[in-house]
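These notes are about the structure you will find just below.
The chain is numbered in sequence order, starting from 1. Side-chain atoms are counted along with the backbone in the values below, which use heavy atoms only and exclude waters and symmetry mates.
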Amino acid sequence: MRFAQLDTLRFVFASIVVLGHTSGWDKTVPSGGMSVDFFFVLSGFVLSHSIIIKENKVLIGEFVISRVARLFPLYLLSLLILFTVSYLQNNPPGIDFVFFQNIFLLQNIIPNGSLGYNWPAWSVSAEFWTNITIFFLMIKHRNIPIAMLLCFYCYLTLLNQQIIDHAHMQKIFITTAGSYRCVAGLSLGYLVYETFFYIQPLLKNGKLILTLCSLLEAVISITILLLLFRDDLGSKFTVILLFPFLILIFACGKGVISIFLSLVLFKKLGDYTYCIYLIHAPLLVYLRGAKLLAQTDVMTPLIYAFQVLLISALIAIPVYKYFEMPSKNYIKKISRFHNAN
């Protein structure tokens with residue numbers, strides 16, 4: 001089962017990230033950084049579905065390979081592009097511990113005081129290692145109490161430190177605030193899936209369900225949008241609390257908006273989201289280094305941010321078709337061949 005409407009929502013939130021990184025959050029969506037929390041919750045939901053729907057027959061090795069195939073090739077390509085741009089602009093990265101942290105997606109697991117070379121990928125770093133160390137076993141055993149505990153503990157810790165949005169590289173104990181944010185979001189996504197798992201069979205097609213779901217989709221979406229344009233801790237945490245309801249109601253696919261977002265045109269946008277998310281940072285480095293954009297985001301007009309989004313999307317189309325999907329399939333094919341022998 002493919003949740004095309006949720007992929008479209010992923011594209012919407014990725015677009016907010018691109019606009020914020022290009023022209024600054026205050027000029028675009030002040031609390032748009034909360035989009036990353038949506039990614040975490042959605043990832044927890046989708047991964048839970050992929051494991052549970054197979055009746056927990058997925059092995060840890062198979063899961064790790066699938067995560068490597070999904071996340072690493074495109075990430076490494078984005079690093080290669082970024083290194084090339086930096087070299088051409090006479091600012092190559094040094095070969096040191098931080099370099100290897102970035103290569104192995106450890107930049108947001110082991111604190112080093114920076115977001116990493118491709119700064120949006122801090123979330124990819126947190127998600128990959130959380131997936132294979134904590135998340136898989138929790139889902140495999142469908143441990144709801146552990147998920148609730150992790151969710152409560154991580155969000156409480158972040159709130160205690162007065163950080164929710166832009167909580168990524170700050171050190172908390174032996175890891176980072178970004179890792180806490182990721183563990184909480186993935187756990188919350190799993191809890192959303194367990195709820196969906198039990199209510200989905202109860203939802204029958206009918207005018208009443210269509211009307212009710214359509215109303216809920218509209219109310220939750222508008223409320224989140226309004227809160228994203230506010231810049232206070234309370235609004236940001238409220239958005240986190242609303243993300244599970246947004247994902248749950250859209251996953252049901254019974255409302256007018258979710259039906260509309262599941263159309264083939266929008267589904268393709270969802271396919272390109274990961275590439276857009278990773279490629280826009282190297283693009284910004286190039287454009288700013290070439291003086292085609294202002295050196296800082298707050299000095300960049302919003303119209304340019306939409307152009308950066310468009311260029312990123314256009315780049316993503318061939319990259320998705322000729323690199324992202326072939327490399328993902330190749331890694332899985334090699335893995336199956338190795339296991340067969």
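Scanning both residues, I109 and P111, for their nearest heavy atoms gives O-CD, 3.6 Å. The two residues S23 and T300 have their closest heavy-atom pair at OG-O, 3.0 Å. When every heavy atom of A121 is checked against every heavy atom of L278, the shortest pair comes out as CB-CD2, 3.9 Å. A pairwise comparison of heavy atoms in I132 and I60 identifies O-CD1, 4.2 Å as the closest pair. The shortest non-hydrogen separation linking A251 to F45 is CB-CZ, 3.5 Å. Across all non-hydrogen atoms, the minimal contact from F135 to G44 is CZ-O, 3.4 Å.
From D297, atom CG reaches atom OG1 of T22 across 8.5 Å, with rounding to the nearest 0.5 Å. Note: L106 CG to W129 CH2 = 5.5 Å, rounded to the nearest 0.5 Å. In this structure, Y304 OH and L287 CG are separated by 11.0 Å, a value rounded to the nearest 0.5 Å. In this structure, S327 OG and R70 CZ are separated by 10.0 Å, a value rounded to the nearest 0.5 Å. The structure places CD1 of I16 at 4.5 Å from OG of S35, a figure rounded to the nearest 0.5 Å.
Under a 3.5 Å cut-off, the side chain of S123 and the backbone N or O of V36 do not form any donor-acceptor pair.
Between I247 and V41 the shortest side-chain heavy-atom distance falls below 4.5 Å. With contacts defined as side-chain heavy-atom distances shorter than 4.5 Å, the pair F136/N131 does not qualify. Contact check for M34 versus I240: side-chain heavy atoms found under the 4.5 Å cut-off.
Between S235 and D232, the side chains place a donor N or O and an acceptor N or O closer than 3.5 Å (distance only, hydrogens not considered).
Partners of K268 according to the salt bridge (charged side-chain N to carboxylate O under 4.0 Å, His left out) rule, which considers only residues two or more places apart in sequence or in another chain, are D271. In terms of the salt bridge (charged side-chain N to carboxylate O under 4.0 Å, His left out) criterion, D26 has no residue partners (sequence neighbours excluded). Under the salt bridge (charged side-chain N to carboxylate O under 4.0 Å, His left out) criterion, R67 pairs with E127, not counting sequence neighbours. Under the salt bridge (charged side-chain N to carboxylate O under 4.0 Å, His left out) criterion, K27 pairs with no residue at all, not counting sequence neighbours.
L19 and V12 fall into different hydrophobic clusters, where Ile, Leu, Val, Met, Phe, Trp and Tyr side chains are chained together by heavy-atom contacts under 4.5 Å. There is no path of hydrophobic side-chain contacts, each under 4.5 Å, that joins L226 to L228. I303 and L284 end up in the same hydrophobic cluster when Ile, Leu, Val, Met, Phe, Trp and Tyr side chains are linked at under 4.5 Å. Both L159 and F173 belong to a common hydrophobic cluster when Ile, Leu, Val, Met, Phe, Trp and Tyr are linked at side-chain heavy-atom distances under 4.5 angstrom. If you chain together hydrophobic residues whose side chains sit under 4.5 Å apart, V98 and L80 never meet in one group.
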One pair to check against side chain to side chain contact (heavy atoms under 4.5 Å, CB included): F250 and F245. What are the steps and the verdict?
CA-CA 8 Å; F250 273 87; F245 296 99; over 6 Å; no
Please report the C-alpha distance between L261 and L6 in whole Å, then the side-chain angles of each, then the deciding distance to 0.1 Å, and finally whether the side chain to side chain contact (heavy atoms under 4.5 Å, CB included) criterion is met.
CA-CA 8 Å; L261 293 182; L6 295 181; over 6 Å; no
When you look at N118 and S78, which way does the side chain to side chain donor-acceptor pair (under 3.5 Å) test go after all the steps?
CA-CA 8 Å; N118 189 345; S78 74; 3.0 Å; yes
Carefully, step by step, assess S262 and T8 under the rule side chain to side chain contact (heavy atoms under 4.5 Å, CB included).
CA-CA 7 Å; S262 64; T8 305; over 6 Å; no
Could you go through the side chain to side chain contact (heavy atoms under 4.5 Å, CB included) check for E62 and K332 one step at a time?
CA-CA 9 Å; E62 179 186 351; K332 289 186 174 182; over 6 Å; no
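Two rings, from F3 and F196, have their centers less than 6.0 Å apart. Taking the centre of each ring, F83 and F99 come in below the 6.0 Å mark.
Using a 4.5 Å cut-off between side-chain heavy atoms of Ile, Leu, Val, Met, Phe, Trp and Tyr, L156 falls into a hydrophobic cluster with F152. The hydrophobic cluster around L215 extends to V219, counting ILVMFWY residues whose side-chain heavy atoms fall within less than 4.5 Å of a member. Summarising the hydrophobic clusters (Ile, Leu, Val, Met, Phe, Trp, Tyr; side-chain heavy atoms under 4.5 Å, direct or chained), the residues clustered with I65 are I331. With side-chain heavy atoms closer than 4.5 Å counting as contact, directly or through intermediates, the hydrophobic cluster containing V256 also holds L210, I259.
Residue pairs meeting the side chain to side chain donor-acceptor pair (under 3.5 Å) criterion with at least one member in residues 174-193, sequence neighbours excluded, are D37-R181, H49-Y193, N108-T176, Y153-Y180, T175-S179, T176-S179, Y190-E194. Under the ring pair (Phe, Tyr, Trp, His ring centres under 6.0 Å) criterion, the residue pairs touching residues 260-301 are H21-H280, F39-Y277, F260-F266, Y272-Y320, with sequence neighbours excluded. Applying the side chain to side chain donor-acceptor pair (under 3.5 Å) definition to pairs two or more places apart or across chains, those involving residues 239-259 are N205-K254, E217-S258. Within the structure, side chain to side chain donor-acceptor pair (under 3.5 Å) contacts touching residues 80-102 (residues at least two apart or in different chains) are Q101-N112.
Around the CZ atom of F72, the shell of radius 6.0 Å holds more than 12 heavy atoms that belong to other residues, nucleotides or ligands. Atom CZ of F197 has 12 or fewer neighbouring heavy atoms from other residues, nucleotides or ligands inside a 6.0 Å radius. In this structure, I174 places its CD1 atom where only 12 or fewer heavy-atom neighbours from other residues, nucleotides or ligands lie under 6.0 Å away.
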